[in-house]
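We name chains A, B, ... by the order of the sequence lines, and we start the count at 1 in each one. Basis for what follows: all heavy atoms, side chains included, without hydrogens, waters or symmetry-related copies.
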Amino acid sequence: MTAMVELRDVHKSFGPLHVLRGVSLSVRQGEVAVILGPSGSGKSTLLRTINHLEKVESGTVEIEGELLGYRRSGDRLHELHEREILRQRTKIGFVFQNFNLFPHLTVRQNVAEAPLSAQRRPRAEVDALVTRLLDRVGLAEKAGAYPRTLSGGQQQRVAIARALALEPKVLLFDEPTSALDPELVGEVLEVMKDLARSGTTMLVVTHEIGFAREVADTVVFMDAGLILEQGPPSQVLDGPRHERTRAFIGKVL
Amino acid sequence: MTLSGTQAAPAARRDEISLRVVPTRHPLRWAASALALLLFAMAANSLFTNPAWEWEVVGEYLFAPSVLRSVVLTLELTALGIVLGFALGTVLALMRLSPNRLLSSVAWGYVWLFRSVPLILQLLFWYNLALLYPRLSFGVPFGPAFFDVGTMDLIGPLTAAALGLALHQAAYAAEIVRGGLLSVDPGQREAAAALGIPRVRRLFRIILPQAMRTIVPNAGNEIIGLVKGTSVVYIMALPELFYQVQVIYMRNGRVMALLLVAAVWYLALTTALSAAQFYVERHYGRGRS
Ligand SMILES: Nc1ncnc2c1ncn2[C@@H]1O[C@H](COP(=O)(O)OP(=O)(O)OP(=O)(O)O)[C@@H](O)[C@H]1O
Ligand SMILES: [Mg+2]
């Protein structure tokens, strides 16, 4: 069976800064991978290359065996047109640290926007979908509210519903709880656990070790643009092989 | 806990004594207000008692057909200048922000040129374009022409005025729109892109409505400036408001009264626009507060 997400030897630089230095990673359908690592190790950049918000310099990213951002012919990679890239992105949901909800649209409009304009699905169908999703994240009664009137935890749950509205194959989370007050972290993690249990493929960058231990199938430890080690939580969290992993986990716990 | 302590205390104390708030006094503010009121009363008094203002003449001409027609022309020129100016300005702003160096340089050059040349000079330039190009032809660049027309026939005074105002306005509008686009959090663009929303939709549905919050107050300034700014087209003998009152007072010598007619109309127009701006701002401010 092909992997849901497959990265092969991905390199990415910002000017002279070599941020990803050959990352290979494979995530199966329904798998939850939690990515840990110190600040600046390239975790966000890695997620952003997966939905082509950042172009890779070499290496490939595949979703369900489909090459992302490029078309291969012979030994050449042709860059895809914007429209194709947008179509590919609808297979991937992205949840940001700062939510990035559209402040001038209501909760319902935020969630409905992508299925209507990116996927051109009929309005009635989208309306039903939005209602179902808001219910799922526990915010059915907030459909008409504007994002600013919600708490951080509620905003992030709306952002998750918005990402789910594309009915994506993979969900990417970049530190989804880092901008939240401690007492609001739980409600967001609950929603994510529920998604994990229902078999959603997820890549999650987080510092919540408890979440990793409970939900992750795989824990990936990144350092300085490389994957230093990966494996089941029990192995990476409790018996890390590398000194740097041990030091990092010692610090966050 | 301190929190519950402070919460319980006021409730208990309110029963014992009722507290009254005494606001601070501001004697200087009082004195300044009194002075302002006095000056206002004096000005108003002279406005209505000095017969040189000739209010009855003002009343006579305020709604005269020729004046009303000139008000309509002023409004038309303003509307053309703003609509075309902001349409072109938006295109220029997008070009300026484009990663393509050529497009962004062209936009920069345009703004540089049209902000540097005085409007009045530019208007005369368009008006006299026929001296430079007696005929204009349309067709394949460097190839055959489909048809051509005399420049004078195509660019009359009205077209020259509208063109001049719009091109001038576009340079300022470009900077206002660019400022607005830059004021939107880059995370918004990124979130929209990550959701696969098409580029044009991203601009019109996500970015511009948020940019409008900074664009509208500045655009309001520009529109109000332009209502009055249209008066420079009097040099092309276009009967807009300012030209028209000049024509009338040259004939009857009632200079102050007719200047007052124009002033009253400009006041009325800008007041209406300010009111409209209030509602437009409230519309684009939804979701914040
Ligand atoms: N657009 C950019 N331009 C230049 N440098 C960048 C850009 N984005 C990221 N970087 C740099 O790349 C490195 C990796 O950044 P990245 O955001 O991927 O790290 P991270 O592991 O997510 O860190 P954190 O835990 O702080 O979020 C950092 O040194 C960062 O400064
Ligand atoms: Mg990061």
Side-chain angles (χ1 to χ4, degrees), chain A residues 44 47-48 50-54 81-107 109-120 144-150 155 158-159 161-168 171-174 179, chain B residues 1-4 90 94-95 97-101 103 176-177 179-220 277-289:
Chain A
S44 299
L47 286 193
R48 292 162 56 82
I50 294 179
N51 74 345
H52 212 65
L53 282 175
E54 303 285 0
H81 280 294
E82 161 113 1
R83 189 176 322 136
E84 274 300 296
I85 291 173
L86 290 177
R87 185 190 59 76
Q88 291 185 331
R89 280 201 187 129
T90 61
K91 295 180 166 192
I92 303 159
F94 202 110
V95 177
F96 298 87
Q97 181 172 353
N98 305 316
F99 331 135
N100 286 338
L101 292 177
F102 305 132
H104 59 302
L105 303 181
T106 63
V107 164
Q109 289 171 324
N110 262 278
V111 180
E113 178 58 31
L116 286 175
S117 72
Q119 294 176 321
R120 301 185 163 281
Y146 284 100
R148 290 283 156 94
T149 63
L150 305 182
Q155 290 191 46
V158 174
R162 183 175 73 171
L164 286 172
L166 291 163
E167 304 190 321
L171 272 184
L172 310 177
F173 294 82
D174 193 1
Chain B
M1 258 186 80
T2 53
L3 191 66
S4 57
T90 305
L94 293 173
M95 283 169 66
L97 294 173
S98 140
N100 184 319
R101 290 285 283 279
L103 290 181
I176 290 173
V177 173
L181 293 175
L182 289 177
S183 76
V184 178
D185 175 7
Q188 293 289 310
R189 217 174 288 264
E190 201 154 74
L195 285 166
I197 299 169
R199 190 177 283 268
V200 174
R201 173 89 176 172
R202 234 178 306 174
L203 177 66
F204 284 99
R205 172 77 166 165
I206 308 296
I207 306 300
L208 266 182
Q210 297 187 59
M212 285 307 256
R213 272 168 42 85
T214 26
I215 291 176
V216 172
N218 292 317
Q277 180 179 345
F278 171 80
Y279 289 101
V280 174
E281 273 181 30
R282 200 172 62 174
H283 171 77
Y284 285 109
R286 69 195 189 278
R288 335 241 176 175
S289 51

Open item on the list: Using a 4.5 angstrom heavy-atom cutoff, name the option from A:Glu82, A:Gln119, A:His52 with the most pairs to chain B.
Closed with: A:Glu82

Task: Validation row: B:Gln210, A:Pro103 side chains within 4.5 angstrom (heavy atoms) - done: yes

Task: Heavy-atom proximity to chain B below 4.5 Å, by part of A:Ile92 - done: backbone

Open item on the list: Could you check whether atom CZ of B:Arg286 has more than 12 heavy atoms from other residues, nucleotides or ligands sitting under 6.0 Å from it?
Closed with: yes

Open item on the list: Can you confirm whether more than 12 heavy atoms, excluding those of A:Arg87, are under 6.0 Å from its CZ atom?
Closed with: yes

- [ ] Quick one: which of A:Gln88, A:Arg83, A:Arg48, A:Lys91 has the most heavy-atom pairs under 4.5 Å with chain B, could you say?
- [x] A:Arg48

Open item on the list: What part of A:Leu116 gets within 4.5 angstrom of chain B, counting heavy atoms only: side chain, backbone, both, or neither?
Closed with: neither

- [ ] Could you tell me which portion of B:Arg213 (side chain, backbone, both or neither) has an atom closer than 4.5 angstrom to a non-hydrogen atom of chain A?
- [x] neither

TODO: Give the minimum heavy-atom separation between A:Phe94 and B:Ala194, together with the two atoms involved.
DONE: CB-CB, 4.2 Å

Task: Contact summary for B:Gly196 and A:Ala118, nearest pair of heavy atoms - done: O-CB, 3.1 Å

Open item on the list: Using heavy-atom distances under 4.5 Å, tell me whether B:Arg201 contacts chain A through its side chain, its backbone, both, or neither.
Closed with: side chain

Open item on the list: Test your reading of the model: is there a side-chain donor-acceptor pair from A:Glu113 to the backbone of B:Arg205, 3.5 Å cut-off?
Closed with: no

Task: Between CG on residue A:Asn110 and CG on residue B:Leu195, distance to nearest 0.5 Å - done: 9.0 Å

Task: A:Pro147 portion near chain B, given a 4.5 angstrom heavy-atom threshold - done: neither

Task: Part of B:Arg202 within contact of chain A (heavy atom distance under 4.5 Å) - done: side chain

TODO: Check whether any side-chain heavy atom of B:Asp185 sits under 4.5 Å from a side-chain heavy atom of A:Asn98, and report yes or no.
DONE: no

Task: NE2-NE2 distance between A:His104 and B:His283, expressed to the nearest 0.5 angstrom - done: 9.5 Å

Open item on the list: Using heavy-atom distances under 4.5 Å, tell me whether A:Phe102 contacts chain B through its side chain, its backbone, both, or neither.
Closed with: both

Task: Residues A:Arg89 and B:Glu190 bridged, charged N to O under 4.0 Å - done: no

Task: Contact leader toward chain B among A:Asn51, A:Leu105, A:Thr149, where contacts are heavy-atom pairs under 4.5 Å - done: A:Leu105

Open item on the list: If I compare all heavy atoms of A:Leu53 with all of B:Ala193, which pair ends up nearest, and what's the gap?
Closed with: CD2-CB, 4.2 Å

